[in-house]
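Here is how names work: the chains are called A, B, and so on, in the same order as the sequence lines, proteins then strands, and each is numbered from 1.
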Amino acid sequence: MSARPRSAALESFRSNPISLFGLALVAFCVLAAIFAPWVTPYPTHVGPIGDFAAINAAPSAKHWFGTDTIGRDIFTRVIFGYRLSLTMAVLVLAISVPIGVVLGLVAGYVGGWVEYVIMRLTDVFLAIPPLVLAMSIMGFLPPTLTNAMLAVTAMWWPWYTRLVYNVVRAEAREGYVLAAEVVGASVPHILFREILPNCVPPVLTKITLDIGFVVLMVASLSFLGLGVQPPTPDLGSMVADGAKYMPDAWWLTIFPALSIMVLVLGFNLLGDGLREAFDAEV
Amino acid sequence: MPKLLLTFLRRVGTSLIVLFGVSILIFGIARIMPGDPARIALGPNATQQQVEALREARHLNDPIHEQYFYFVRELLHGDLGVSLYTKRPVTTDVAQFLPSSLELVFASGLLMVVLGIPLGLLTARYQGRWPDHAGRLMSVIAVCTPAFVWGVILQLLFAYFVPIFPIEGQLSSAMKPPPTVTGFLTVDSILAGNMPTLANALYHLVLPALALALAAIGQTARLTRSSMIEIYRKPYVEMSRAYGFSERKIATRYAFRPALIPTLTVLGLDFAALLANAFLVERVFGWPGLSRYGVEVILRKDLDAIVGTVLIIAALFLICNLIVDLLVSIINPRIRLAEKRAGS
């Protein structure tokens, strides 16, 4: 529920240095990801071929994050890893959010057995830890990018169903909904034109927080070897592969690991700022 | 019948329905996915006859609802099938690997409560001042970092660069493990009265438990902080201040208990996160737990073992939430009082 008008929300967001720092981190990561081929020093190192003259080089001015076992620049691969992670996060949310929102609207407003079935179904999905569910789905599918994305999508929608359901339950008793019902508005009209706009602030806030968490989930899957396969630059598999060369070539692991942290931190601070600004329960 | 018990029984009923749903879901995933499980189990060198025999033996040729019926019937007899990877009953495998995972999860849960709640109290008490800012920054960084990243960072710092803790494993190879009674290495060591083994096991537990706990500690601290701040705004806290009670007493006696309720509720969810993240941490530290078994069977497409492992994890999660529900209703005076009135 948005308890504050939009201008007040913007003002609250602007006056919070931590939220602005989050916004800056997100802007940096997203811009770097979009312009990866132009801003990275060695864009050709995305593939399986590196610079054999500089194998396992420690971090230096030439290679900020060092190079890996076949001489590929780790900084370059991290930025391309951002590109991949962010694309996957956007796609996962683009599919799971609409599904979750519509189911939540319907369950909250229609009630009865429809509500019971939808809400128990979300309970079932939420009863399995997300990573475990995604892992077991990946267990039966070939480990490709698309499948990893589908596996994460399959477990992400129930959170939005539950969120929207709670908003709808609170809103359905409000005067404006009653007014629309009295006037004879159709159920789709009430759901999408009357109630949905009030779900926007919490859903937007949750999406911002979730971009970070989807990135984290995808990285976790590939860390376990159940996601993206080489030579695609992926943050999770870079951490897993690098761990074999600890502690001598510590940069192979630590830099990709820290970059996951930075990306997720950015979206989290930004999301927290939005939550406070909109005064939204997520 | 007391109302509390009745509510509790209703929750148990709902949980059983959900568990039933989980079994359909995971069974469905296992059967709908492409690929012949019998062929995958036997490998590319098996003859068509062998594959056909296994399909027959495992009822794979029957319609899917009949397969599910067989599955549930075996489940009710406590039979989760046979792992094609270890060639042992899945229940035996789970019984062997689960205690190590739970030991890790419990240790992390303990850290989460022992470190997270005081950190939350501290930041709430000094709201807007530097301990608050420092504590909040630490919590948010802890929450944002995946458990495996904490794992590799802690391992690099405290096992490789400054070698105070072991790199991996559950016990030094020179140590003889205690006789298995509960499967929990620490508990078994105590039962055997073997203090050096206990010390060694605890010493191995520190880094993995911390790596697993950090995100949960941050989460708990954030939650405790926000509910404490909400309670600090309540009139009765102001009244206590007016009466001249010390800040310490207000924080620990009057504000803490109601603030604990939302924290407790989320602990159940956090426990699920710990169970799942144990998969990642066990990988980093070579911990011989259920997670390692789970990844192994997933990579080998070992149907029964996957279904069994996921079901056990879901059941653990539901049980944990039931316990949390019960604790919340005991601690929450409104629920407790309502029951007392209804009973009198």
**Q** Relative to chain B, which segment of A:Thr253 carries a heavy atom at a distance below 4.5 Å: side chain, backbone, both, or neither?
**A**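 Looking at A:Thr253, just its side chain touches chain B.
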**Q** With a 4.5 angstrom heavy-atom cut-off, could you sort out which part of A:Ala154 is near chain B: side chain, backbone, both or neither?
**A** neither
**Q** Check whether A:Leu263 gets within reach of chain B through its side chain, its backbone, both or neither, counting any heavy atom under 4.5 Å.
**A** neither
**Q** Picking from A:Ile260, A:Leu269, A:Leu224, A:Leu216, which has the most non-hydrogen pairs under 4.5 angstrom with chain B?
**A**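 Most pairs with chain B among the choices: A:Leu224.
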**Q** If I measure from the heavy atoms of chain A, does B:Thr14 come under 4.5 Å with its side chain, its backbone, both, or neither?
**A** side chain
**Q** Heavy-atom cut-off 4.5 Å, strictly under: side chain, backbone, both or neither for B:Leu318 against chain A?
**A**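 Just its side chain gets close to chain A.
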**Q** Once you round to the nearest 0.5 Å, how far does CH2 of A:Trp250 lie from CZ of B:Phe161?
**A**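 It comes to 6.5 Å.
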**Q** Please check if the number of heavy atoms outside B:Tyr160 that lie under 6.0 Å from its OH is greater than 12.
**A**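 Buried by this count: over 12 neighbours within 6.0 Å.
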**Q** Between B:Ile153, B:Ile306, B:Val143, B:Leu156, which has the largest tally of heavy atom pairs under 4.5 Å with chain A?
**A** B:Leu156
**Q** When rounded to the nearest 0.5 angstrom, what is the spacing between CD1 in B:Ile17 and OH in A:Tyr116?
**A**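 Taking CD1 in B:Ile17 and OH in A:Tyr116, the distance rounds to 3.5 Å.
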**Q** Among B:Gly21, B:Ser15, B:Ala147, which residue forms the greatest number of heavy-atom pairs with chain A at distances under 4.5 Å?
**A**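 Heavy-atom pairs under 4.5 Å are most numerous for B:Gly21.
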**Q** If I take atom CE from residue A:Met135 and atom CD1 from residue B:Ile313, how far apart are they, to the nearest 0.5 angstrom?
**A**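 These two atoms lie 7.5 Å from each other.
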**Q** Test: side-chain hydrogen bond (donor to acceptor under 3.5 Å, both in side chains). Region: residues 151-163 of chain A. Which pairs qualify, not counting sequence neighbours?
**A** A:Asp123-A:Arg162, A:Trp156-A:Asp210, A:Tyr160-A:Asp210
**Q** Show the nearest heavy-atom pair for residues A:Val124 and B:Val18, with the distance to one decimal.
**A** CG2-O, 3.7 Å
**Q** With a 4.0 Å cut-off, would you call A:Asp272 and B:Arg136 a salt bridge?
**A** no
**Q** Given the options A:Val262, A:Leu131, A:Leu258, which has more heavy-atom pairs under 4.5 Å with chain B than any of the others?
**A**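 Counting heavy-atom pairs under 4.5 Å, the top option is A:Leu131.
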**Q** Could you grab the distance from atom CD1 of A:Ile128 to atom CD1 of B:Ile29, nearest 0.5 Å is fine?
**A**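 If I round to the nearest 0.5 Å, the distance is 6.5 Å.
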**Q** Quick check on B:Tyr68: does its OH atom have over 12 non-hydrogen neighbours (other residues, nucleotides or ligands) under 6.0 Å away?
**A**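 Counting other residues, nucleotides and ligands, OH of B:Tyr68 exceeds 12 neighbours.
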**Q** Classify the angle between the aromatic ring planes of A:Phe223 and B:Phe148 as parallel (below 30°), tilted (30 to 60°) or perpendicular (above 60°).
**A** parallel
**Q** Please look at B:Phe279 and chain A and tell me whether the side chain, the backbone, both or neither of the residue comes under 4.5 angstrom of a heavy atom of that chain.
**A** both
**Q** Does A:Met138 reach the side chain of B:Ile298, with side-chain heavy atoms less than 4.5 Å apart?
**A** no
**Q** Starting at OG1 of B:Thr145, measure out to CG of A:Asn268 and round the result to the nearest 0.5 Å.
**A**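 Interatomic distance, B:Thr145 OG1 to A:Asn268 CG, rounded to 0.5 Å: 9.5 Å.
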**Q** Please flag which part of B:Ile24 lies under 4.5 Å from any non-hydrogen atom of chain A: side chain, backbone, both or neither.
**A** neither
**Q** Applying the side chain to side chain contact (heavy atoms under 4.5 Å, CB included) criterion to A:Leu133, which one of B:Leu25, B:Val22, B:Val310 satisfies it?
**A** B:Leu25
